[in-house]
2 protein chains.
Amino acid sequence: MSSEKITVNSKTSQALSGGSKRSRAKLDKKNAIMQAALELFSRHGVKGTRVEKIAALAKVSKTNLLYYFNSKEQLYIDVMQRLLQVWLAPLASFNEEQDAIETINDYIRVKLELSRDHPAESRLFCMEMLHGAPLLEDQLKSPLKELVDSKAAVINAWIAAGKLAPVDPYHLIFTIWSTTQHYADFRVQIESITSKNLDDPAFFENTLSNLQSIILQGVRPN
Amino acid sequence: MSSEKITVNSKTSQALSGGSKRSRAKLDKKNAIMQAALELFSRHGVKGTRVEKIAALAKVSKTNLLYYFNSKEQLYIDVMQRLLQVWLAPLASFNEEQDAIETINDYIRVKLELSRDHPAESRLFCMEMLHGAPLLEDQLKSPLKELVDSKAAVINAWIAAGKLAPVDPYHLIFTIWSTTQHYADFRVQIESITSKNLDDPAFFENTLSNLQSIILQGVRPN
DNA sequence: CACATTTCAGACCAAATGGTAAAAAACCAT
DNA sequence: ATGGTTTTTTACCATTTGGTCTGAAATGTG
């Protein structure tokens with residue numbers, strides 16, 4: 001009860017007086033905690049992560065963490081909430097007026113950059129999916145479907161205009177999602193097999209051009 | 001100690017007298033437990049799964065489960081062990097003498113069938129990857145790399161013979177893995193967006209032909 | 001600078017849960 | 001049947017761990 005009120009108050013004060021010394025430190029700390037939580041949740045799952053470990057990684061005490069977030073579950077929800085914003089943004093750039101091939105190439109690049117720069121987000125999203133995405137039911141169901149539907153319409157328009165080969169837009173989107181995210185989620189496997197990782201710029205470019213080539217041209221000769 | 005001996009004895013008796021009433025029931029029970037464990041582990045992770053729940057799903061008592069498997073961790077290891085055999089088998093069919101296009105098409109189909117028929121296996125494998133695959137370090141590192149290396153050589157031979165467009169074989173394999181497994185691991189998302197699932201034969205064939213088309217021909221027109 | 005308010009850390013608690021001990025039941029060969 | 005072996009159950013324990021309580025320290029303000 002009381003702690004809930006505190007959380008509400010803190011958010012309000014942040015929103016109102018964004019620059020005070022206190023609320024600044026508070027915000028920094030919350031961010032540090034969420035970052036640490038994201039890292040650990042995405043590796044070990046929510047159940048597999050001890051609050052103590054998150055606190056240690058964020059360099060705060062366990063009690064202090066619980067002061068900012070009412071419970072581990074609440075922290076998880078907050079982390080997922082923020083994650084979704086980052087995660088669903090890139091797709092919005094699909095636009096009928098743009099060049100089809102270029103847009104797809106760019107999208108593949110952006111998604112692969114996300115895998116390189118935000119692997120924890122990718123893993124956590126993936127893990128939530130494996131769990132059956134219980135708490136994304138509302139978040140995802142309606143808004144995501146509408147977003148994808150609208151982008152599928154764009155792709156269909158490209159196809160109708162002869163800019164793309166006939167393909168089911170949904171499967172194309174799934175293909176781009178899966179191939180790019182794979183490099184974050186299955187990183188250990190990929191490193192084990194190739195002895196490289198996406199942080200190596202050469203490997204990144206090589207990966208990118210191969211994915212673009214496969215998705216655009218395919219592997220059939222000629 | 002003593003329980004370990006029991007396990008060894010039981011395995012021996014199974015191997016020697018495969019048909020006795022007891023060892024038969026025992027084997028059935030172990031299978032039921034492993035199946036239940038696979039299902040729950042793949043959804044909630046090892047930490048997120050209570051032994052009691054596994055037992056309930058397998059219709060045995062918790063203690064009885066612990067009688068067959070020394071610990072939850074041991075059960076997990078056994079489940080992963082069995083899973084790996086199923087999981088890595090299909091790749092072995094790649095063969096230089098076979099037709100390149102046909103082999104790849106077949107492989108995509110087999111992998112997609114696995115996603116349809118063994119989604120729990122796919123999820124558990126995926127989850128283990130997200131965790132950093134700690135216990136696959138030895139299981140996977142060397143054998144898998146060698147297997148993939150040898151198949152990459154086959155693909156390179158196909159390319160040299162003009163049967164395939166020039167592509168990095170590793171990225172091609174990763175692409176096939178990621179796209180097909182995606183339909184098991186992100187099932188909820190895919191169902192949410194398309195309102196279909198792989199168990200629908202029409203959707204399965206549609207998915208299959210789209211994946212084959214993208215990977216072989218790409219989406220660039222003409 | 002003194003007082004009120006916010007923030008923190010260490011001790012502590014209680015529930016959840018993996019695992020054990022020992023007895024009871026089921027089973028099988030002789 | 002019966003003696004011994006294997007499987008199952010009942011009762012229980014010990015640890016882990018999310019979360020709270022309390023007193024102290026830091027902080028901001030009139």
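Note that the coordinates shown come from a computational prediction; the quantities given were computed from them, not determined experimentally. Chain A is the first sequence line, chain B the second, and so forth, proteins listed ahead of strands; every chain is numbered from 1.
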Donor-acceptor pair present, A:Ser61 side chain and C:dG10 base, under 3.5 Å: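 Per atom types, no contact qualifies.
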hbond_proxy B:Lys62 side chain to C:dG18 base (donor-acceptor, 3.5 Å cutoff): yes
Hey, does [X] reach any base, or is it just sugar-phosphate, or nothing, if we go heavy atoms under 4.0 Å?
X	answer
A:Lys53	nothing
B:Asn64	base
B:Lys47	sugar-phosphate

SB check B:Arg123 B:Glu39 (cutoff 4.0 Å):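 Looking at B:Glu39 together with B:Arg123, the answer is yes, because their closest N to O distance falls below 4.0 Å.
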Atom-to-atom span, [atom1] of [X] to [atom2] of [N] - whole angstrom:
X	N	atom1	atom2	answer
B:Leu65	C:dG18	CG	P	10 Å
A:Lys29	C:dT6	NZ	P	16 Å
A:Phe69	D:dT20	CZ	P	15 Å
B:Asp28	D:dT8	CG	P	11 Å
A:Leu66	D:dT17	CG	P	15 Å
B:Lys26	C:dC28	NZ	P	13 Å
B:Arg50	C:dA15	CZ	C1'	12 Å
A:Ile54	D:dG18	CD1	C1'	11 Å

Residue-phosphate contact under 4.0 Å: A:Lys72 side-chain N/O, D:dG19 OP1/OP2: no
B:Tyr67 side-chain N/O to C:dG19 phosphate OP1/OP2 under 4.0 Å: no
Full working for side chain to side chain contact (heavy atoms under 4.5 Å, CB included) between B:Leu84 and B:Leu136: CA-CA 9 Å; B:Leu84 278 186; B:Leu136 297 186; 3.6 Å; yes
Donor + acceptor pair across side chains of A:Asn197, A:Tyr183 (<3.5 Å): no
Polar side chain donor-acceptor pair, B:Glu146 to B:Ser150, under 3.5 angstrom: no
A:Ser71, nearest nucleotide to its side chain (from C:dG19, D:dT8, D:dG19): D:dG19
Options D:dT10, D:dT17, D:dG19, nucleotide nearest the side-chain atoms of B:Thr63: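 Among D:dT10, D:dT17, D:dG19, the one nearest the side chain of B:Thr63 is D:dT10.
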Parallel, tilted or perpendicular, as decided by the 30° and 60° cut-offs, for the rings of A:Tyr76 and A:Phe41: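 Ring orientation of A:Phe41 relative to A:Tyr76: perpendicular.
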